[in-house]
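These notes concern the structure reproduced below.
No hydrogens, no waters, no symmetry mates; every other heavy atom, side chains included, goes into these values. For ligands, and for the atoms within them, numbers begin at 1 and follow the listed sequence.
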Amino acid sequence: MKLHVITLPYNVHGKGRGGASGPAALLDAGLLDGLAETGFTVAGVTDVALTAEEEEQYGGWNRVALGNAHLCQAVSGVAEDEASFILGLLADCNGVLGVLGGLQQAEDPRRPKRVGLVYVDAHGDYNTPETSPSGMLGGMPVAVAAGKALTNLRLASGIKVPLQSPDIILAGMRDLDPPERKMIEDDGLVIIREHDMIEESTAFHEAMEYLSDREDVIYVHVDLDILDPAVAPAAGLPSPGGLTGEQLGKALAAMLRYPKVRALACVSYNSDADRTGQTMEEVSKAIKMGLEALRGREAASL
Ligand SMILES: [Mn+2]
């Protein structure tokens with residue numbers, strides 16, 4: 001299995017701050033060295049970068065679109081190689097758009113692939129500008145991917161065909177805004193609950209099998225605020241409750257055993273706020289445990 005790492009160190013605030021500090025910090029701490037020891041070939045690391053001209057453009061939301069356009073290019077280039085697996089280390093949840101776009105466009109942009117999304121997050125991120133209580137763009141990307149808002153951002157990110165409700169699984173969410181909850185229910189999104197993830201329940205596997213039957217390729221997106229802030233305080237938008245790094249790693253491994261899963265991204269690790277390094281430890285553990293499953297997958301396909 002050839003592992004390609006793609007980083008996106010930009011958020012609405014610019015480069016390398018807050019969650020955008022996480023990708024480089026994880027790599028600097030030797031995340032990949034650890035992976036190589038477990039038998040992976042790390043085929044390359046691509047750091048998504050805006051051009052000098054783009055860096056000067058104003059507007060955080062605009063920068064998110066520019067970053068996602070580059071991310072889409074990077075992902076589609078790698079995804080063309082069937083033997084590749086993408087590990088994304090992204091500033092925040094808005095990066096879901098560029099990864100989906102890249103997977104959709106891989107090989108032949110004129111014939112978009114059917115892409116399924118497993119969205120692991122304490123939140124639903126299914127707000128639109130009209131429903132959002134906070135107005136934060138980071139609370140909207142799933143709704144954007146589904147074509148419910150911000151069409152230009154979606155198209156800039158390379159998602160030509162919006163995801164349909166059955167293409168989306170929301171996993172582990174524990175903190176929803178009321179209008180968001182209503183929209184999730186109205187649209188009938190598939191939900192994997194936290195205990196289903198921990199226990200790898202029948203509901204968990206039914207949802208993964210359904211997606212595997214339906215899609216060409218599946219992307220597992222992880223907002224690290226799925227972790228319990230008691231064990232990982234420097235991840236995303238902390239919300240009480242959630243998983244340990246070990247529980248997340250085990251759940252990710254169970255997801256990655258499904259062969260259609262071709263990409264995993266972890267987002268919103270705020271290295272700047274991780275003074276003790278405790279969050280880094282939990283995050284690294286989860287990523288390594290998750291990727292372990294790819295080894296079994298490779299053995300099974302021989
Ligand atoms: Mn999120």
I'd like the atom name of the N/O/S atom in Asp223 lying closest to the Mn ion (ligand 1).
OD2
With the threshold set at 4.0 Å, does a side-chain nitrogen-carboxylate oxygen contact exist between Lys113 and Glu107?
yes
Of all N, O or S atoms in Asp125, the one closest to the Mn ion (ligand 1) is OD2
For the metal site, I want the angle between atom OD2 of Asp121 and atom SG of Cys93 with the Mn ion (ligand 1) at the apex, to 10°.
100°
Any N, O or S atom of His123 closer than 2.8 Å to the Mn ion (ligand 1):
no
Exercise: do Asn127 and Asp177 side chains pair donor with acceptor under 3.5 Å:
yes
Verify whether one side chain among Glu130 and Thr128 offers a donor that lies under 3.5 Å from an acceptor in the other.
yes
Could you confirm whether Asp225 has any N/O/S atom lying under 2.8 Å from the Mn ion (ligand 1)?
no
Is the side chain of Arg63 donor-acceptor paired with the backbone N or O of Tyr58 at a distance under 3.5 Å, no angle test?
no
Residues forming a salt bridge (charged side-chain N to carboxylate O under 4.0 Å, His left out) with Asp167, sequence neighbours excluded:
Arg214
